[in-house]
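Report on one structure; see the data block that follows.
Counting begins at 1 with the first residue of the sequence. We count ligands from 1, going down the list as the structure has it; atoms in each ligand are counted the same way. Only this structure's heavy atoms are used, side chains among them; waters, hydrogens and symmetry mates stay out.
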Amino acid sequence: MSGAYIGAMRIARFTTGEDPVYGLVDGAGEKIAEITGDPLYTKIELTGQTHLVDDVRLLAPVIPRSKVIGIGRNYADHAAEMDSDVPTEPMMFLIPNTAVIGPGDPVVIPPTTSEVHYEGELAVVIGRMCRDVAPEEVSRVVFGYTCANDVTARDLQRGDGQWARAKGFDTFCPLGPWIETDLDPSGLSLTTRLDDETVQDGTTADLVFGVAELVSYASRAFTLLPGDVILTGTPAGVGPVTAGQRVEVEIEDIGILSNPFVTP
Ligand code: MG
């Protein structure tokens, strides 16, 4: 690999108008060096082709092969703002992979809800098929980390009881802008901006259940496949977003995931 990209290991999926390809993004987030295949399955080899990030369209850095696993109430301050207790075990739910979109893609607010909320979150991308993983072995099965917005139709979440619809609408799971493979996830600042106003300002140091516990716990219920994604929960400050607004989720040492919200 070329020296400029060693150590960065930010993996993006993008298109220049042709089929999606993968690339390594430099530390400044300005250039992409194209690689030959899907890095979840093939050794990373540069094609020699490079692009400016501004000249390509970034796509969701991963399409979860089987599932996105969400975790509810995993920050005490968010549980408190929802008038809920912190669960004694991770509270899991599933989001269909059809909800996933990429950076810049619009979140489409369906007419069946009148209360849509943003939830900025750290997302874990699984790299190896696994089950019953011990917490101390989790780093071996994690491919990397990206930003997520766990968009939620709060009114339907309350009314339905189950969260599948409220969190599973098409476009309700933005991921990106890329996957950072070389990262300690235990103390990263996480901020969410609604039209440039900071509305969430947290740190992953406040996760009730950390990444190792969450991946281990999930793997005791489900076989995890390469490309599966686990959303780790949101800190305090969730709130409504309406069509015409934009939400940015920024995580330290990863980057910024920015999506506009629209009506159909
Ligand atoms: Mg959430």
Side-chain angles (χ1 to χ4, degrees), residues 60 62 64 67-101 107 109-110 113 115-126 145-176 185 188-194 198-211 213-215 217-218 221-222 228-241 247-251 254 256-259 261:
V62 62
K67 54 198 165 293
V68 178
I69 299 167
I71 303 292
R73 300 177 200 153
N74 200 28
Y75 288 81
D77 58 358
H78 171 64
E81 75 179 347
M82 304 301 284
D83 288 322
S84 299
D85 293 328
V86 171
T88 54
E89 290 187 41
M91 180 193 261
M92 290 195 292
F93 55 93
L94 291 172
I95 300 170
N97 61 5
T98 44
V100 171
I101 59 172
V107 176
I109 298 174
T113 174
E115 188 185 4
V116 169
H117 280 200
Y118 54 80
E119 295 187 355
E121 309 203 359
L122 173 72
V124 184
V125 181
I126 299 298
Y145 301 90
T146 191
C147 309
N149 189 348
D150 177 23
V151 180
T152 303
R154 198 69 75 197
D155 48 355
L156 303 184
Q157 185 185 29
R158 284 192 296 265
D160 286 357
Q162 299 289 323
W163 298 0
R165 184 168 66 140
K167 289 175 176 287
F169 282 106
D170 287 355
T171 74
F172 268 32
C173 190
L175 296 176
L188 304 172
S189 72
L190 189 169
T191 53
T192 305
R193 289 180 291 275
L194 177 64
T198 299
V199 286
Q200 293 188 284
D201 187 4
T203 164
T204 60
D206 291 338
L207 285 170
V208 175
F209 300 103
V211 167
E213 284 170 288
L214 293 177
V215 173
Y217 188 84
F222 317 116
D228 281 351
V229 171
I230 301 176
L231 309 184
T232 57
T234 198
V238 300
V241 48
V247 176
E248 288 184 353
V249 179
E250 179 166 11
I251 300 178
I254 300 177
I256 299 173
L257 169 66
S258 177
N259 297 89
F261 281 64

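Looking at Glu121 and the Mg ion (ligand 1) together, the shortest N, O or S contact belongs to OE2. Nearest to the Mg ion (ligand 1), among the N, O or S atoms that Glu119 has, is OE1. Taking the Mg ion (ligand 1) as reference, the nearest N/O/S atom within Asp150 carries the name OD2.
Here the side chain of Asn74 pairs a donor or acceptor atom with the backbone of Thr232 at under 3.5 angstrom. A donor-acceptor pair under 3.5 Å is absent between the side-chain atoms of Asn259 and the main chain of Val107, judged by distance alone. Of the possible polar contacts, one joining the Asp77 side chain to the Ala236 backbone as a donor-acceptor pair under 3.5 Å is found.
For the pair Arg154 and Val238, the minimum side-chain heavy-atom distance is below 4.5 Å.
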